[in-house]
Amino acid sequence: MNYYQNKRLPMTAATLVLLLLSHSPQADVTSNAELNFSNTLLLGSADPLYIADAISKLRLQSANNNKVKATLELGAKSSSYLEQEVSLDRAFIKTRTDRYRITLGKTRLSWGEGSAFNAGDVIMGGSDLNLQLTENDYRNSATWLTSFYRATGRFSFTELVIMPPEIQADLNESPTLDKAKVAARTQFRVDRLAKTKFELGYALKGTHHQPYISLQGGSGLNWHLSANLQADHSINASAGVYTLSNLGEQYTLSFRSELLYKSAGRSTEIPNGDNYRTYAYAYVEFGLSKGDGQSYYNRNIISPIDQSAMIILGTNINLHQGLNLFSHVSMQQGNSDDTFKQNLIGSYSLTLGSRFVF
Amino acid sequence: MKIALVTSLLLISVTLLADITAEEVIEKMEQRQEFKSAFIQGRMVINDRFGEKISTFDSWSLGTDNSLIAFTSLEEQGQKVLRSDNDIYIYYPDAEELIRLSGSALRDGMLGSDVSYEDMTGEKSLLNDYRVTAFSQEPLGKHSTYKIELQALRSSVAYPKQILWIDIDTLNGIQAHKFSLSGKLIKVERVLEMITQGDHTFAIHSKVEDKLKSNSSTEFFIDHIEIDYPVTLDFFSLDELTW
């Protein structure tokens, strides 16, 4: 799919949803827009680079209909360095009856448990390093899907999801049925086990079977544990804890730590290996928020095998209604063949920006 | 003469106080605020040193243990908070993410306000968590009030000490001071406007001030309220939360 097709798709979808909503006598539309401007200084081995970015989102949502929901979200990204991009980030319709719900379109589902690492997410994926650690949502991508959801209790449900093949047209691949993905899960809470949440699921893509389990609980310390079986019979597992406490009278301190383990990876470092893989990552986050809308954070990903790390220090200030000012410093520490490398352009970066929702 | 007058006033005061205990005053105040179920549309106005921020919300509640709040303002549109017993579930629609909190996380300020999830989503009777340590009468503005000092029964309670001012005539709560373990005044809550529907009385405009921050307050406005709203326990579910 070329650039012009990419650009045309959101416009067509926008027109369709607007037409559908405008012909429904009971549907109202709410809209909001988000503008995100940032200036980034990239430092590394070469000359420093200076890039200005503008990311915008336009979101239309149906309102005042308790049985049908529709969302259309268009995104546009432009920068002083790269060509502009227009994208269809969300486009879905949900409808429900008493206990059943159907979702169709491009959206996101959150299976399993975990913020940075989530081995239970067999739909969107949560066992890689494609994280946006300076955003509120570390993982926010969407995919085309059809979901059938049935509530089986107040805190339990089952869900079946069918996803078409996600392939790149320019690689001359066809979206044949055997490349589609089907997944199902059931979630329930066991009150006798301190209200622990259990989630059991299964994904099938072609001949690849991928069962998983995810547990979550907490009494003071909130914890989670997930594991899935990969196509090569290796195991991905993630675990984490999260706690929140008052620091003095004005501050709230949060601490989150998550681990990702991949049994298929190497457990020792290979010097100068081009395709070096680690088998475990640790994510550690400290957050400090003050009641007047100021927050500070330190987020780190550590690769213990090659002893490399990415360290981010950031702050966010909610200045006025809808307006946030943010800044963050990102540093990578490691050799050129490590997971995180300090000698490449962008290994160190400084970003200042603002975000406005209106 | 002066001593006699003061003594007489004290005696009258003691006689009046003897008619009702502090526990009974609290019970009667809570009875007037209790309802089986309700639907509320309201506003939360946060004032801090940067200015004013407004969040609007719809809220459903059943008893004291179940509530669901759906934010309707632009920035937080679609975010929901479900409280069921001692668990809080927060739903973020953009990421389709559902977070479950328990324990001390309930005390975190919601949306940067001076109001915690625990404050916002209701709590059980004060007498479950506090014992009365002092009981007297005191004028407060144009109100004659009972002044009741409370001490927390356990350390897990959000505020170790509270002082309440309750209107003698209407038995409505007028003001509350909430203290830290060190005895420092943390929050001042004032009821600025009330309405009565049948046997129930509600604060439709109240203000919570954080005394540790300069110029920081959160005001609550109830724009619409329906008492005995037809809602069942099944409504307070993951299904409704993630819809």
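Lettering of chains follows the sequences in order, A, B, ..., and the numbering in each one begins at 1. Please read these numbers as outputs of a predicted model, since none were measured by experiment.
- The closest side-chain donor-acceptor pair between A/D89 and A/S87 falls under 3.5 angstrom.
- Of the N and O atoms on the side chains of A/N324 and A/R355, not one donor lies less than 3.5 Å from an acceptor on the other residue.
- For a residue to count as touching a neighbouring chain, one of its non-hydrogen atoms must lie under 4.5 Å from one of that chain's; by this rule A/F157 touches chain B with the side chain only.
- Contact annotation for B/I99: neither backbone nor side-chain heavy atoms come within less than 4.5 Å of a heavy atom of chain A.
- A/E159 and A/S147 share a side-chain donor-acceptor pair at under 3.5 Å.
- Heavy-atom pairs under 4.5 Å with chain A peak, among B/E240, B/E52, B/E97, at B/E240.
- Here the two rings, on A/F358 and A/F356, have centers that are under 6.0 Å apart.
- With chain B as the partner, the residue from A/V68, A/L109, A/T103 showing the most heavy-atom pairs under 4.5 Å is A/V68.
- No side-chain donor-acceptor contact under 3.5 Å links A/W111 and A/E199.
- Each of A/R101, A/H320, A/R108 has some count of heavy-atom pairs under 4.5 Å with chain B, and the biggest count is that of A/R101.
- With a 4.5 Å cut-off on non-hydrogen atoms, B/L241 does not touch chain A at all.
- Side-chain atoms of B/T72 and B/T56 include a donor-acceptor pair closer than 3.5 Å.
- Of the two parts of A/R59, only the side chain, counted from C-beta on, holds a non-hydrogen atom closer than 4.5 Å to a non-hydrogen atom of chain B.
- Between A/S226 and A/S214, the side chains place a donor N or O and an acceptor N or O closer than 3.5 Å (distance only, hydrogens not considered).
- For B/F236, the parts sitting under 4.5 Å from any heavy atom of chain A are the backbone and the side chain alike.
- Looking at A/N140, only its side chain comes within 4.5 Å of chain B, counting heavy atoms on both sides.
- Heavy-atom distances place no part of A/Y138 under 4.5 Å from chain B, backbone and side chain included.
- With a 4.5 angstrom heavy-atom cutoff, B/Q77 touches chain A only via side-chain atoms.
- Side chains of B/R190 and B/Q175: a donor-acceptor N/O pair is present below 3.5 angstrom, by distance only.
- In this structure, chain B has no heavy atom under 4.5 Å from any part of A/T152.
- Of the residues considered (A/K195, A/K69, A/R96), A/R96 shows the highest number of contacts with chain B, using heavy-atom pairs under 4.5 Å.
- With a 4.5 Å cut-off on non-hydrogen atoms, A/K67 touches chain B through its backbone but not through its side chain.
- Contacts of A/S31 with chain B are made by backbone atoms alone, with heavy-atom separations under 4.5 Å and no side-chain atom involved.
- For A/Y242 and A/R256, the side-chain atoms include no donor-acceptor pair closer than 3.5 Å.
- Checking each of A/Q187, A/R189, A/R154, A/K197 against B/L238 for a side chain to side chain contact (heavy atoms under 4.5 Å, CB included) leaves exactly one that passes, namely A/Q187.
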